[in-house]
Structure formats: C-alpha cells, structure tokens
Engineer: 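Supplied in structure tokens, the structure appears directly below.
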There are 2 protein chains.
Amino acid sequence: MGTRERIVEAAYRCFSQKGYLGATTREIARLAGVSEVTLFRYFKSKRELFEKVLKKFSVIPDIERISAESSLPPEEKLRKVAKEILLSLKGKRNFIRILLSEVSLYEEEIAEIYEKFIERLDSIVAQILKTDKETARLFHSSLFGYFLSEEIFLRREINEKEAKEVINKLVEIFTGCRSEKNC
Amino acid sequence: MGTRERIVEAAYRCFSQKGYLGATTREIARLAGVSEVTLFRYFKSKRELFEKVLKKFSVIPDIERISAESSLPPEEKLRKVAKEILLSLKGKRNFIRILLSEVSLYEEEIAEIYEKFIERLDSIVAQILKTDKETARLFHSSLFGYFLSEEIFLRREINEKEAKEVINKLVEIFTGCRSEKNC
DNA sequence: TCCTTAAGTAAGTACTTACTTGCATTATTA
DNA sequence: TAATAATGCAAGTAAGTACTTACTTAAGGA
C-alpha cells in the first residue's frame with residue numbers, strides 16, 4: 001500500500017473515532033507510520049485530506065443488481081435488498097460516524113452524499129414494492145433508524161440472526177406477507 | 001432568566017451548531033451576553049457546562065399519558081403517540097445534533113440517554129400494538145430514521161401535512177389497518 | 001558514480017483555546 | 001449609608017494545533 005493510501009486510511013480511522021476537529025494531523029501521521037511533514041507533502045491541508053476520505057468511503061451499495069434478478073418473487077427481492085443495505089451500513093459504520101459527527105460542519109457535502117444514496121434506494125424499493133415512493137422511503141428509513149439505534153447509539157453490534165429477523169419482520173410488515181413463502 | 005440559565009441556553013445553541021469542540025467558551029459567553037470570566041465562575045470547565053446542557057435538554061416526551069387514555073382504539077392511540085414522538089424529536093432537533101456530533105466523544109453518556117428513551121417507547125408501543133418488543137422497536141426506529149433522514153441529513157423540515165401522512169402510513173403498515181377508521 | 005526522488009528530523013511560526021488572576025465597577029441588601 | 005455579592009475588563013498563561021522551512025539521509029536508476 002502506497003504512502004498516500006496509508007495516510008487516507010489512517011485519517012479515516014482517526015476521523016471516525018474523534019471527529020474532524022478531534023483528530024490531529026500529528027496523530028494521523030503517526031497512525032500512518034509517516035512523519036507529519038510527509039502528510040502535508042501529500043495533502044495541502046487537513047480539510048483536503050478530509051475530503052479525500054469522504055470521497056473514498058462514500059460508495060453506494062450495489063442493489064441494482066439484485067433488483068434486476070427478475071426471477072425472484074418481490075418479497076425475496078426485498079429481503080435481499082434489505083440485507084445488502086444493512087450489510088453495507090454495518091461495513092461503513094465508522095464512515096457513518098464521521099458523517100454524523102460532522103453533520104453541522106459540512107452540511108452541503110453530507111446532504112449531497114446522503115441524497116444520492118436514498119434517491120437510488122427509493123426508486124428501487126418502490127419498484128419492488130410496487131408502491132409510492134413515500135412508502136419506499138419509510139421502508140429504508142426503518143432500516144436506517146434501526147441500524148443507527150443499535151450500532152451507533154447503543155453501540156451494540158447487530159448479529160446475523162437479529163438482522164435476519166428484523167428484515168423478515170420488516171418485509172412482512174411492509175408487504176403484508178409472511179416469512180419465506182410467496183403470497 | 002438568571003445568568004446561569006442564560007449561559008446554559010447559549011451553550012445549547014452553540015454546541016448544537018458547532019459541536020463540542022467547535023464551540024468556544026468565548027462565543028458561548030458572548031451569546032449569553034456575559035463575559036467569559038463569568039462563564040467560568042459558574043462552570044468550572046467547558047465539559048461541566050456541556051454536561052449541564054445534556055442534562056437539561058434530555059427530557060423524554062410524555063407518552064404515558066396518551067397510552068393511558070384507554071377510551072381510544074389502538075390505532076388512534078398509536079397515531080397520537082407517533083405524533084408526540086415526532087413533535088418531540090422536531091422540538092429537540094438541535095439537541096439531537098449535539099448528540100450526533102459527540103457520539104464518538106461521549107459514548108456512555110449518550111448511550112445512557114438514548115437507552116432510557118427507547119426503553120419507555122418500546123414497552124408503550126408494544127402494549128398498544130399488542131406485539132413483541134422487536135416490532136415495537138421497528139415502529140419507532142422507523143419514525144426515528146425518517147426524522148433523521150429528513151431533518152438532520154437532508155435539512156428539510158417535515159411539515160404538518162407530511163407528518164400526518166407518514167404517521168398514517170406507518171400506523172397502517174404496522175397495524176394492517178386503513179386510515180382513520182377502527183378495524 | 002552522480003542524480004533524482006521520497007522520506008525524515010528539528011525547529012519554529014502564527015494562531016487559537018480553555019482557563020486564571022487582580023482589580024475596578026455596579027447593583028443589592030441590611 | 002455601608003457592606004456584600006455579582007459582574008466586567010485587561011492581561012496573561014500554558015498548552016495545543018495546523019502548517020512551514022531548511023537541512024539531512026537513504027535508495028534506485030542511468
């Protein structure tokens with residue numbers, strides 16, 4: 001891994017633990033195993049480094065693929081999409097912490113990232129559920145709220161069993177359709 | 001309003017806009033119309049002031065009252081509870097911003113505040129819905145997620161009409177019961 | 001062998017921040 | 001009116017922080 005990458009990686013960890021203001025360039029450099037001078041040779045400011053971190057880690061999960069598998073019944077699709085979303089949220093837990101902690105400092109950037117994210121989800125979920133976008137938004141807001149509650153606020157990891165149960169329940173509630181059978 | 005209160009009030013506004021580290025004691029004092037020296041006469045440190053702010057604004061909405069009105073049909077109760085929760089979230093939007101922005105710095109304090117909050121909600125909603133606590137948690141996670149999405153991330157205010165629609169939809173989804181009629 | 005590139009070290013600059021001290025001033029109260 | 005309490009002002013301290021400069025070292029390729 002190149003020096004540049006190592007710095008971004010370290011910054012990512014540092015920002016997600018301490019927030020933008022709390023993280024110091026000195027510690028980021030130390031974590032990257034690099035001198036502070038080197039850090040500033042690669043990035044002209046802390047803010048620039050922060051922006052690189054945002055860009056690198058704000059990848060949106062690939063749910064189009066799932067929704068395209070037309071052979072599946074809608075509930076099954078929805079379950080898969082939900083699983084993918086939840087997994088992706090879990091994988092980016094630290095990144096989400098950064099977003100949350102800087103929500104007041106970087107309003108526009110964060111709103112933009114988030115908007116892209118939910119726009120895609122909205123339309124895909126709406127298509128699967130064959131309902132309006134409002135219901136679709138409620139569906140993934142529910143997932144999102146559940147994830148934030150458990151993993152961010154309560155600091156509890158959602159295990160696979162719980163995830164499955166919650167997803168089944170959500171899908172059941174939103175489709176009016178029980179467990180694994182088609183309706 | 002006494003000096004002490006004015007300081008806490010100003011700190012509240014300042015913290016919610018800039019986060020704990022971003023807010024300076026100088027600005028808080030200025031906002032309170034008080035000298036910085038006075039601020040430190042009342043609170044021995046910035047952290048102590050922050051803790052007072054947390055305590056003062058972490059009041060939980062009074063939903064027991066609603067759930068006790070036994071005359072109402074459960075869907076109606078649920079709607080009222082949801083409305084109360086959403087209103088309370090909206091009213092404390094700034095406070096929630098503080099919580100979010102310091103989620104990494106004050107893990108235990110925030111987890112504690114949040115835990116109290118959802119524990120009560122869980123049991124009340126479960127009682128009304130007559131289901132398990134998991135479903136109840138999903139119900140208010142949905143509300144919570146929706147609120148965070150719109151008001152915190154997208155910076156859009158949820159107006160009364162939207163709130164009503166979302167609540168109706170949620171109640172409908174979770175009870176399998178349409179609009180304002182009993183089922 | 002010489003030159004270029006990537007990195008480190010040491011030191012420092014300019015600025016901010018939480019927090020303090022000493023003294024003067026104003027308002028309150030006895 | 002005299003004493004007491006609450007506040008402001010000016011100035012300062014100690015520590016931290018982003019960022020810079022000047023110089024050195026090590027490695028690899030031509």
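As a basis for the values below, the full set of heavy atoms in this structure was taken, side chains included, without hydrogen atoms, waters or symmetry mates. Residue numbers begin at 1 in each chain, while the letters A, B, ... track the order of the sequences.
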Engineer: Taking only residues two or more places apart in sequence or in another chain, which ones pass ring-ring contact (aromatic ring centres under 6.0 Å, His included) with B:Y12?
Structural biologist: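 ring-ring contact (aromatic ring centres under 6.0 Å, His included) check on B:Y12 returns B:F57.
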Engineer: Only counting residues at least two apart or in another chain, list the ones meeting side-chain hydrogen bond (donor to acceptor under 3.5 Å, both in side chains) with A:K90.
Structural biologist: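 A:K90: side-chain hydrogen bond (donor to acceptor under 3.5 Å, both in side chains) contacts with A:E151.
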Engineer: Listed by chain and number, what are the ring-ring contact (aromatic ring centres under 6.0 Å, His included) partners of B:F117, not counting sequence neighbours?
Structural biologist: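 Partners of B:F117 under the ring-ring contact (aromatic ring centres under 6.0 Å, His included) test: none.
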Engineer: Respond yes when some side-chain nitrogen or oxygen of A:T3 is under 4.0 Å from OP1 or OP2 of C:dA7, and no when none is.
Structural biologist: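 It does, given that an N or O in the side chain of A:T3 lies less than 4.0 Å from OP1 or OP2 of C:dA7.
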Engineer: Using the test side-chain hydrogen bond (donor to acceptor under 3.5 Å, both in side chains), find all partners of A:S35 that sit at least two apart in sequence or belong to another chain.
Structural biologist: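 With neighbours one apart ignored, the set is A:T38.
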Engineer: Identify, with sequence neighbours excluded, every residue that meets side chain to side chain contact (heavy atoms under 4.5 Å, CB included) alongside B:E64.
Structural biologist: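 Counting only residues at least two positions away or on another chain, B:E64 forms a side chain to side chain contact (heavy atoms under 4.5 Å, CB included) with B:D62, B:R120, B:I124.
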Engineer: My understanding is that only residues two or more places apart in sequence, or in another chain, count here; which of them pass side chain to side chain contact (heavy atoms under 4.5 Å, CB included) with B:S149?
Structural biologist: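 Testing B:S149 for side chain to side chain contact (heavy atoms under 4.5 Å, CB included), a comparison that skips the adjacent residues, returns A:Y114, A:S141, A:F144.
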Engineer: Please name all residues satisfying salt bridge (Lys or Arg N to Asp or Glu O under 4.0 Å) with B:K44, sequence neighbours left out, ordered by chain then number.
Structural biologist: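 B:K44: salt bridge (Lys or Arg N to Asp or Glu O under 4.0 Å) contacts with B:E48.
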Engineer: Tell me the side-chain hydrogen bond (donor to acceptor under 3.5 Å, both in side chains) pairs involving residues 13-34 of chain B, sequence neighbours left out?
Structural biologist: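 For residues 13-34 of chain B: B:K18-B:E27, B:T25-B:E36.
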Engineer: Answer yes when B:R137 and B:E134 have at least one side-chain N-carboxylate O distance shorter than 4.0 Å, and no when they do not.
Structural biologist: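 No, no charged N to carboxylate O under 4.0 Å.
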Engineer: Partners of A:F43 by ring-ring contact (aromatic ring centres under 6.0 Å, His included), sequence neighbours excluded?
Structural biologist: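 Partners of A:F43 under the ring-ring contact (aromatic ring centres under 6.0 Å, His included) test: none.
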Engineer: Going by number, which of residues 27-37 of chain B have a non-hydrogen atom under 4.0 Å from DNA chain C?
Structural biologist: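 Close to the strand are B:E36, B:V37.
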Engineer: What parts of residues 5-18 of chain A reach DNA chain C, counting only heavy atoms under 4.0 Å away?
Structural biologist: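 Heavy-atom contacts with DNA chain C come from no residue of residues 5-18 of chain A; none.
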Engineer: Quick one: how far along DNA chain D does chain A reach, first to last nucleotide 5' to 3', anything under 4.0 Å to a heavy atom?
Structural biologist: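 On DNA chain D, the outermost contacted nucleotides are D:dT17 to D:dT21.
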